[in-house]
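Note that these values count all heavy atoms, side chains included, but never hydrogens, waters or copies made by symmetry. Quick caveat, the model's predicted, so the values are computed rather than measured.
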Amino acid sequence: LNSYPTFEIFERSLIFMSPKMLHLESVRCGVCDGDRWSPYASGKDYEYRTSDDTFEVVQCQACGNLYLNPRPIAAELPTIYPPTYYSYNYETSINPIALKAKEILDRRKVKTWLKSVRVPLEKLVFLDVGCGHGRYLKMLHQLGVPKSQLYGIEMSQAGVDRLKAAGYPCFFGRLEEVAAQLPQRSFDSIVLLQVIEHVESPRYTLQLLSQLLSPGGCLILETPNTQSLDFNLFRQGYWGGYHFPRHWNLFDRQTLTQLATQANLEVKQVNFLPSPAFWILSLHHIIADRWQNPTLANFFDPLQNLMLLSLFTGFDLIRAKLGFSTSNIQLVVCNRQI
């Protein structure tokens with residue numbers, strides 16, 4: 001009888017020390033729905049350590065798409081996106097100087113979006129899928145777009161509540177859950193920034209967005225690009241763009257164009273933007289995992305290290321100017337006139 005408490009303590013210690021494993025499911029290709037693949041890369045959650053799983057990236061033998069397989073089930077989303085996730089704490093997780101610099105760059109980015117808009121600003125109907133704390137919605141309002149025409153979708157209930165309280169029509173949940181609540185064929189401009197790589201079905205996502213666009217309306221999409229120098233250097237498992245286990249599909253120009261065509265969208269522009277975070281994270285992962293040097297790895301923080309952010313931003317800008325692709329691809333696709 002006296003041994004029972006000892007056994008209970010031992011059992012608890014085993015539970016405490018046991019690896020954190022996620023519930024995973026096998027999936028098909030997110031671009032062509034194929035089910036024939038070959039192994040491509042593997043790695044762990046080097047950033048948030050949400051599990052001890054080793055995740056596998058496979059390549060579709062039909063279209064070449066790279067995707068996580070198996071991947072976490074939808075019920076694991078609160079685990080793999082913990083409260084400390086950077087986009088939930090955007091204004092406090094980034095170095096204040098870097099935040100100010102990004103704000104300047106974002107304002108320039110917003111003005112480039114407006115070049116594809118065919119209506120006056122006061123009539124623009126806009127949607128940001130994955131709007132975060134609403135920085136783009138606020139910038140557009142400052143430029144003259146009424147709040148009632150600036151829609152957002154976000155997975156953070158607190159963020160949605162703050163934006164709704166400020167007068168913006170925002171919705172909590174995933175696009176596929178809230179699309180029916182949005183005005184169909186009404187949006188002159190939609191942005192999907194660093195989101196499509198996170199969704200369950202990229203094909204379905206673009207189909208939904210094409211139904212939300214007004215005739216001639218444009219979708220601006222940004223996502224990691226696997227046709228880049230840093231990807232080729234770190235492709236075996238340490239590339240920052242893998243973002244294990246949160247990036248479920250990884251694209252290049254060919255697979256993105258295929259997705260757009262399937263959704264009856266016409267590609268108008270392809271641009272390559274700087275992506276310093278993937279360079280820094282790739283080096284962080286190698287140092288933390290292969291070298292087993294967490295102290296040095298902490299130096300490679302894409303949210304705080306201004307020197308490295310400046311260095312790799314400049315490097316990517318120069319390469320893009322010279323015609324090389326970076327690991328951040330931007331597509332401007334428009335709804336075909338009906």
Going by the rule salt bridge (Lys or Arg N to Asp or Glu O under 4.0 Å), which residues pair with [X] if we only count those two or more places apart in sequence or in a different chain?
{"X": "Asp53", "value": "none"}
{"X": "Glu176", "value": "Arg174"}
{"X": "Lys268", "value": "Glu266"}
{"X": "Asp289", "value": "none"}

Contact between [X] and [Y] at the side-chain level, heavy atoms closer than 4.5 Å - yes or no?
{"X": "Cys32", "Y": "Gln258", "answer": "yes"}
{"X": "Cys29", "Y": "Asp35", "answer": "no"}
{"X": "Thr205", "Y": "Glu200", "answer": "no"}
{"X": "Ser116", "Y": "Thr112", "answer": "no"}
{"X": "Val195", "Y": "Val199", "answer": "yes"}
{"X": "Arg203", "Y": "Asp33", "answer": "yes"}
{"X": "Gln149", "Y": "Glu122", "answer": "no"}

Please answer whether the main-chain N or O of [Y] pairs with a side-chain N or O of [X] as donor and acceptor at a distance below 3.5 Å.
{"X": "Thr255", "Y": "Phe251", "result": "no"}
{"X": "Lys147", "Y": "Ala166", "result": "yes"}
{"X": "Gln59", "Y": "Ala41", "result": "no"}
{"X": "His247", "Y": "Gly241", "result": "yes"}

From [atom1] ([X]) to [atom2] ([Y]), nearest 0.5 Å:
{"X": "Glu47", "Y": "Thr50", "atom1": "CD", "atom2": "OG1", "result": "10.0 Å"}
{"X": "Ile97", "Y": "Ser310", "atom1": "CD1", "atom2": "OG", "result": "9.5 Å"}
{"X": "Ile190", "Y": "Leu213", "atom1": "CD1", "atom2": "CG", "result": "4.0 Å"}
{"X": "Gln227", "Y": "Ser327", "atom1": "CD", "atom2": "OG", "result": "12.0 Å"}
{"X": "Ser42", "Y": "Glu56", "atom1": "OG", "atom2": "CD", "result": "4.5 Å"}
{"X": "Glu76", "Y": "Glu25", "atom1": "CD", "atom2": "CD", "result": "10.0 Å"}

Please name all residues satisfying ring pair (Phe, Tyr, Trp, His ring centres under 6.0 Å) with [X], sequence neighbours left out, ordered by chain then number.
{"X": "Tyr238", "answer": "Tyr46"}
{"X": "Tyr48", "answer": "Tyr85"}
{"X": "Phe234", "answer": "none"}
{"X": "Phe55", "answer": "none"}

Does a donor on one side chain and an acceptor on the other come within less than 3.5 Å for [X] and [Y]?
{"X": "Asn328", "Y": "Gln194", "result": "yes"}
{"X": "Thr223", "Y": "Glu197", "result": "yes"}
{"X": "Ser228", "Y": "Asn225", "result": "no"}
{"X": "Asp230", "Y": "Ser282", "result": "no"}
{"X": "Asn65", "Y": "Asn249", "result": "yes"}
{"X": "Asp316", "Y": "Trp279", "result": "yes"}

- Message: Tell me which one of Lys109, Gln269, Glu222 satisfies side-chain hydrogen bond (donor to acceptor under 3.5 Å, both in side chains) with Gln330.
- Response: Glu222
Say whether [X] and [Y] are linked into one hydrophobic cluster, either directly or through other cluster members, by side-chain heavy-atom distances under 4.5 angstrom.
{"X": "Leu281", "Y": "Trp248", "answer": "no"}
{"X": "Leu317", "Y": "Leu311", "answer": "no"}
{"X": "Leu259", "Y": "Val58", "answer": "no"}
{"X": "Val267", "Y": "Leu206", "answer": "yes"}
{"X": "Phe299", "Y": "Phe312", "answer": "yes"}

- Query: ring-ring contact (aromatic ring centres under 6.0 Å, His included) between Tyr81 and His198: does it pass, once the steps are laid out?
  - Reply: CA-CA 11 Å; Tyr81 294 95; His198 293 264; 5.8 Å; yes
- What is the ring orientation for Phe231 with Tyr40, classed by angle as parallel under 30°, tilted 30 to 60°, or perpendicular over 60°? parallel
Which residues, ordered by chain and number, are linked to [X] in its hydrophobic cluster, where ILVMFWY side chains connect at heavy-atom gaps below 4.5 Å, directly or through other members?
{"X": "Tyr168", "answer": "Val110, Trp113, Leu114, Val117, Val119, Leu121, Leu124, Phe126, Tyr136, Leu137, Met139, Leu140, Leu143, Val145, Leu150, Leu163, Val191, Leu193, Ile220, Val332"}
{"X": "Phe172", "answer": "Val160"}
{"X": "Phe324", "answer": "Ile318, Leu322"}

- Query: Are Tyr242 and His285 an aromatic pair by the rule of ring centers under 6.0 Å?
  - Reply: no
- Message: If the threshold is 4.0 Å, N to carboxylate O, is there a salt bridge linking Asp106 and Lys102?
- Response: yes
Above 12 or not: heavy atoms from other molecules or residues under 6.0 Å from [atom1] of [X]?
{"X": "Leu105", "atom1": "CG", "value": "yes"}
{"X": "Arg162", "atom1": "CZ", "value": "no"}
{"X": "Lys123", "atom1": "NZ", "value": "no"}

- Message: I need the minimum non-hydrogen distance between Pro245 and Ile80, along with the two atoms involved.
- Response: CG-CG2, 3.7 Å
- Message: Test side chain to side chain contact (heavy atoms under 4.5 Å, CB included) on Leu22 and Thr79; report intermediate values, then the result.
- Response: CA-CA 9 Å; Leu22 300 174; Thr79 300; 3.7 Å; yes
- Given Trp37 and Tyr67, is the ring-ring contact (aromatic ring centres under 6.0 Å, His included) satisfied, shown in steps? CA-CA 10 Å; Trp37 50 264; Tyr67 60 104; 7.6 Å; no
- Message: My understanding is that only residues two or more places apart in sequence, or in another chain, count here; which of them pass disulfide (SG to SG under 2.5 Å) with Cys334?
- Response: Cys218
